[in-house]
Every structure is written in structure tokens, then in C-alpha cells.
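These notes are about the structure you will find just below.
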Amino acid sequence: MASTTTATTLHQQFRPPSHPRAPRRIRTYPPTIRFTIRATAASTSAPAQREAEAGVPWGCEIESLESAASLERWLTASGLPEQRLALEKVDIGERGLVALKNVRNGEKLLFVPPSLVITADSEWTNREVGEVMKRYSVPDWPLLATYLISEASLEGSSRWSSYIDALPRQPYSLLYWTRTEIDAYLVACPIRERAISRIGDVIGTYNDLRDRIFSKYPDLFPEEVYNMETFRWSFGILFSRLVRLESMDGRVALVPWADMLNHSPEVDAFLDYDKSSQGIVFTTDRSYQPGVYILW
């Protein structure tokens, strides 16, 4: 294979932010809008129909507790400490983490060790693929999107197979909508322009990766694995689950188990690395009674 150090020309949207006070949580769209769209259009809309039919050959249904229970067993065996939270189906019809005991305002939960966190420095099971991506200096976002696809395609051979099996096969995402559908269903919605821009950024980034890297190494990046459909999936996962860990030099990361928390725009809690416990902790902004699901 030819050696090169040429950097990819990727969309600015997916370059690592340089602002020192960048938000900890990287979100695509406000969760309240997400649920409203699905509730009002799910029975009749083309986008909802395609969300039910489209997908990738890995992952699970978004409400699957079986795959999430397998994830918890693997995490526990891999070093996740005993939890004060349990994974259950919550009243919005999805999975969520609920309190097993009384939780105080300001209490620290989860304590996920860094060894169970996915970052741009994570080891690739297919080392050749990882070496090529790093040789081209691919920024964190598209690097992680490609990493997810690479690990998912290896199924049980990947260390992260239990995590990937617990990820939704079809994440909630406007990345799957056509421009016609966006114009029809988001005609008066404040996220319309953002949705159009985000879709264009993802398509442009995939095209850059395909033209500059994948096409040069077809044996490592076969099109049946690395294509627009799988990149919609991986970016959809990143937009809904990626966090910025300020105490780890602002590194962006996927934090298994912690990303089972449900979102609320009214919550001011956050995730970050805790030096004293040497784990990724979730600090609550309110108290919770047993059986109540924790919001982020």
C-alpha cells in the first residue's frame, strides 16, 4: 500500500472544536422536538415509515432490554462497579436508567472506567484500517464514525460487540429524511435549516472519506461495509450519544452505560472524568426516588 500523510479535506462541522468552553454534551436536536415529530407523524409519514424499515445489519430495536442486559453483564465483567441504577423500559417507550435507591442532588453516579470508554485513541480491532485513518489525520468525529462501522462489521470479533449490539439499529435521526420530507414536515420548525445543513455535512464528509481514502484501499474499506447508509447510522449514534469530557482535555467520547440515560432540555447535569475515583461520573442536579428514571 502506498504511504501518505495527506490530510483529508473534511467539513468544518466535524473538526474538533477549539473553544475552551465547548459544551459537554453534543446533541443533534432538542429531544422534545424529536419525540413530537415521531408522535405526530409516526402513523402516516414517509420518514417514520423509512425509520422503521431502514437500518444496518447490527444493533437492536431501540426498546430492547435483552441486548442492554447483555451489555451490563459485559461491562460488569470488564470493570464497571456495582451500580445504583438499573436499566428498565421507561414511560416514553424506550430504555432508561432508573434509581434503585434514593439519589441526592449533587450525587455522583456511574463511575465508568476510562478503559470502557470509546475515544479517538481507542485501539482498532482491524489495525490496518486504524493505521490508514490515522495516517490521513482524520478528525475525531469522522474517525469515530468510521471506527464504529469497522468494529460493528466484525461482530463478535470486536471487543465492543456487546456495546454495538445494544445500540439502536435505527437511531432517531433526521439524517434519513429527504429534502422534500424536511420541507413538508418541518415547514415551520426552527430546526429545519439546521437539519438541512447537518445532512449536507454528513454526506459531504462521507464523500470526502470515500474519494480520498476508501477508494484507495478497497480491500480494507469495501463499499458493502463503508457506505452512506452505515455512515448515517454511525453519525446518528454520535450525534445522540457523544460527550465532551472537559477533565480529559476536552476529549469527545462514547461512554457505554452512561449513554442509556434519557435526555431532557430542563436538566443541568453532566458527565465528566472524576480524578478521585478515576472514572466517568454523572453528577445529578436534583434528587430522585427509587424507581424514577434519571434525566440528563
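Starting from 1, each residue takes its place in the sequence as its number. Below, each value reflects all heavy atoms present in this structure, side chains not excepted, and no hydrogens, waters or symmetry copies.
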TODO: Verify side chain to side chain contact (heavy atoms under 4.5 Å, CB included) between S122 and R159, making sure each step is shown before the conclusion.
DONE: CA-CA 11 Å; S122 293; R159 179 197 180 209; over 6 Å; no
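- Side-chain N/O atoms of D121 and T119 include no donor and acceptor closer than 3.5 Å.
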Open item on the list: Under the criterion side chain to side chain contact (heavy atoms under 4.5 Å, CB included), I'd like the reasoning laid out for L261 against L295: C-alpha separation, chi angles, the key distance, then a yes or no.
Closed with: CA-CA 6 Å; L261 291 164; L295 292 173; over 6 Å; no
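- The cluster map of Ile, Leu, Val, Met, Phe, Trp and Tyr, joined by side-chain heavy atoms under 4.5 Å apart, puts L87 and L100 in different clusters.
- Atom CD1 of I203 is separated from atom CG of L175 by 8.5 Å, given to the nearest 0.5 angstrom.
- Screening residues 281-296 for salt bridge (Lys or Arg N to Asp or Glu O under 4.0 Å), with sequence neighbours left out, gives no hits.
- Side chain of T284 to backbone of E107: a donor-acceptor contact under 3.5 angstrom is found.
- Considering only residues two or more places apart in sequence or on other chains, A258 meets the side chain to side chain contact (heavy atoms under 4.5 Å, CB included) condition with L110, V255, L271.
- Taking the six-membered ring for Trp and thresholds of 30 and 60 degrees, W160 and Y163 have ring planes more than 60 degrees apart, a perpendicular arrangement.
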Task: side chain to side chain donor-acceptor pair (under 3.5 Å) between T205 and D208, intermediate numbers included - done: CA-CA 5 Å; T205 296; D208 284 341; 5.4 Å; no
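- With sequence neighbours left out, the side chain to side chain contact (heavy atoms under 4.5 Å, CB included) criterion links E61 to E63, R169.
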Task: Derivation and outcome, side chain to side chain donor-acceptor pair (under 3.5 Å), residues S161 and E155 - done: CA-CA 6 Å; S161 60; E155 300 180 339; over 6 Å; no
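- F111 shares a hydrophobic cluster with V281; the chain of contacts runs through ILVMFWY side chains whose heavy atoms sit under 4.5 Å apart.
- S287 meets the side chain to side chain donor-acceptor pair (under 3.5 Å) test with no other residue; sequence neighbours excluded.
- When side chains are defined from C-beta on, L97 does not count as touching F282, because their heavy atoms never get closer than 4.5 Å.
- Using a 4.5 Å heavy-atom cutoff, the side chains of V252 and V243 are not in contact.
- With hydrogens and angles left out, the side-chain atoms of W124 and E131 include no donor and acceptor closer than 3.5 Å.
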Open item on the list: Is there a side chain to side chain contact (heavy atoms under 4.5 Å, CB included) between L254 and L242? Walk through the geometry before answering.
Closed with: CA-CA 5 Å; L254 290 168; L242 202 66; 4.0 Å; yes
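- Between N227 and Y206 the shortest side-chain heavy-atom distance falls below 4.5 Å.
- Checked options R73, E66, E72; the residue passing with S70 is R73 (criterion: side-chain hydrogen bond (donor to acceptor under 3.5 Å, both in side chains)).
- A donor and an acceptor atom, one from each side chain of D140 and Y147, are nowhere located under 3.5 Å apart.
- Between the S240 side chain and the G236 main chain, a donor and an acceptor come within less than 3.5 Å of each other.
- Neither L143 nor L154 shares a network with the other; the hydrophobic side chains, linked directly or stepwise wherever heavy atoms of I, L, V, M, F, W or Y lie under 4.5 Å apart, form separate groups for each.
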Task: Audit row: S197, R194, side chain to side chain donor-acceptor pair (under 3.5 Å) steps and yes/no - done: CA-CA 5 Å; S197 175; R194 187 179 179 187; over 6 Å; no
- [ ] Determine, step by step, whether D183 and R192 satisfy the salt bridge (Lys or Arg N to Asp or Glu O under 4.0 Å) criterion, reporting the C-alpha distance in whole Å, the side-chain angles of both residues, the deciding distance to 0.1 Å, and the verdict.
- [x] CA-CA 8 Å; D183 290 343; R192 177 180 174 278; 2.7 Å; yes
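- Panel note: side chain S215, backbone D211; a donor-acceptor pair is recorded below 3.5 Å.
- Taking F221 as the reference, F214, Y226 meet the ring-ring contact (aromatic ring centres under 6.0 Å, His included) condition, with sequence neighbours excluded.
- Residues V225 and T230 are not in side-chain contact: their nearest non-hydrogen atoms beyond the backbone lie 4.5 Å or more apart.
- V56 is not listed as a side-chain neighbour of I149, based on a closest heavy-atom distance of 4.5 Å or more.
- Proximity of a side-chain donor or acceptor of W233 to a complementary backbone N or O of P168 within less than 3.5 Å is detected.
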Task: Test side chain to side chain donor-acceptor pair (under 3.5 Å) applied to S247 and D272, step by step - done: CA-CA 6 Å; S247 296; D272 203 356; 3.0 Å; yes
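- Proximity of W141 to F235: side-chain heavy atoms (C-beta onward) are separated by under 4.5 Å at one or more points.
- Atoms CZ and CD1, from R84 and I294 in turn, are 9.5 Å apart once rounded to the nearest 0.5 Å.
- With contacts defined as side-chain heavy-atom distances shorter than 4.5 Å, the pair L209/P142 qualifies.
- Counting heavy atoms from C-beta on, the side chains of Y217 and E128 never come closer than 4.5 Å.
- Within a 6.0 Å radius of CD in E224, more than 12 heavy atoms belonging to other residues, nucleotides or ligands are found.
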